[in-house]
Amino acid sequence: QVQLAESGGGLVQPGGSLRLSCVVSGTIFNSKTMGWHRQAPGKERELVAYVSSGGRENYGDSVKGRFTISRDNAKNTVYLQMNNLKPEDTAVYYCSVAEWYSTIFKYWGKGTLVTVSS
């Protein structure tokens with residue numbers, strides 16, 4: 001019954017910005033760890049960022065300093081602000097859920113495509 005709905009993907013030029021959103025339902029949102037992963041064609045899925053129930057943020061090395069994960073518990077929503085986008089950021093981005101004590105993500109959204117190209 002846990003559902004995740006991503007939005008905000010699209011086409012952007014290198015150096016541009018996008019903000020992804022993920023609305024979560026069917027669970028107690030504020031007790032969960034929330035994550036963003038991405039998968040490019042021919043590559044393994046990789047962790048982009050996650051934020052704990054206590055607000056602790058973690059980022060993959062490739063996006064540090066450019067991406068910011070945040071959560072709004074009142075809206076049951078997780079965001080990924082992506083700045084200074086590069087062509088290598090092109091991927092399907094997935095919202096994900098883990099228990100508050102875990103980074104094993106159990107639930108996944110369907111994904112939203114981000115394409116960075118001139």
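Applying the side chain to side chain donor-acceptor pair (under 3.5 Å) criterion to Asn84, with sequence neighbours excluded, gives no partner residue. Thr68 pairs by the side chain to side chain donor-acceptor pair (under 3.5 Å) definition with nothing, not counting sequence neighbours. Evaluation of the side chain to side chain donor-acceptor pair (under 3.5 Å) rule for Tyr59 yields Glu57 as partners, not counting sequence neighbours. Looking at residues two or more places apart in sequence or on another chain, you find no salt bridge (charged side-chain N to carboxylate O under 4.0 Å, His left out) involving Glu88.
In this structure, the separation between CD on Glu46 and CH2 on Trp36 is 14.5 Å, given to the nearest 0.5 Å. The CG atom of Leu85 lies 6.0 Å from the OG atom of Ser17; values are rounded to the nearest 0.5 Å.
Listed for the Gln13 side chain is no donor-acceptor partner under 3.5 Å among the backbone atoms of Ser118. With Thr112 contributing its side chain and Gly9 its backbone, the two residues share a donor-acceptor pair below 3.5 Å. A distance-only check finds a donor-acceptor pair linking the side chain of Ser52 to the backbone of Gly54 [under 3.5 Å]. Remark: side-chain polar atoms of Thr77 are paired, donor with acceptor, to backbone N or O of Lys75 under 3.5 angstrom. Panel note: side chain Gln81, backbone Ile69; no donor-acceptor pair is recorded below 3.5 Å. In this structure a side-chain-to-backbone donor-acceptor pair under 3.5 Å is present from Thr90 to Val116.
The pair Asp89-Lys86 does not meet the salt-bridge criterion, since no charged nitrogen lies less than 4.0 angstrom from a carboxylate oxygen.
Val92 and Leu20 are members of different hydrophobic clusters when ILVMFWY side chains are connected at heavy-atom separations under 4.5 Å. Under the 4.5 Å side-chain heavy-atom criterion for ILVMFWY residues, no single connected hydrophobic cluster contains both Tyr50 and Val114. Under the 4.5 Å side-chain heavy-atom criterion for grouping Ile, Leu, Val, Met, Phe, Trp and Tyr, Leu80 is not connected to Phe105 through any hydrophobic cluster.
In this structure, the side chains of Pro87 and Ser117 stay at 4.5 Å or more apart for every pair of heavy atoms. When side chains are defined from C-beta on, Thr115 does not count as touching Val12, because their heavy atoms never get closer than 4.5 Å. Inter-residue side-chain proximity for Met34 and Cys95 is flagged as met; some heavy-atom pair is nearer than 4.5 Å. No side-chain heavy atom of Trp108 sits under 4.5 Å from any side-chain heavy atom of Leu4. The closest side-chain heavy-atom distance from Asn58 to Val51 is not below 4.5 Å.
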Practice task
Kindly indicate, with the supporting measurements, whether the criterion side chain to side chain donor-acceptor pair (under 3.5 Å) is fulfilled by Arg71 and Asn73.
Solution key: CA-CA 6 Å; Arg71 64 192 298 159; Asn73 289 342; 3.1 Å; yes
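With a 6.0 Å cutoff to the six-membered ring centre and a 45° limit on the axis angle, Arg19 counts as a cation-pi contact of Tyr79.
Under the 4.5 angstrom side-chain criterion for Ile, Leu, Val, Met, Phe, Trp and Tyr, Leu11 has no cluster partners at all.
The minimum heavy-atom distance linking Asn76 with Phe29 is given by the pair OD1-CB, 3.5 Å. For the residue pair Ser53 and Ser31, the shortest heavy atom distance occurs at CB-C, 4.0 Å. Closest heavy-atom contact between Gly111 and Glu6: N-OE1, 3.1 Å.
For residues 91-107, the side-chain hydrogen bond (donor to acceptor under 3.5 Å, both in side chains) pairs, not counting sequence neighbours, are Lys32-Glu99, His37-Ser96, Arg38-Tyr93.
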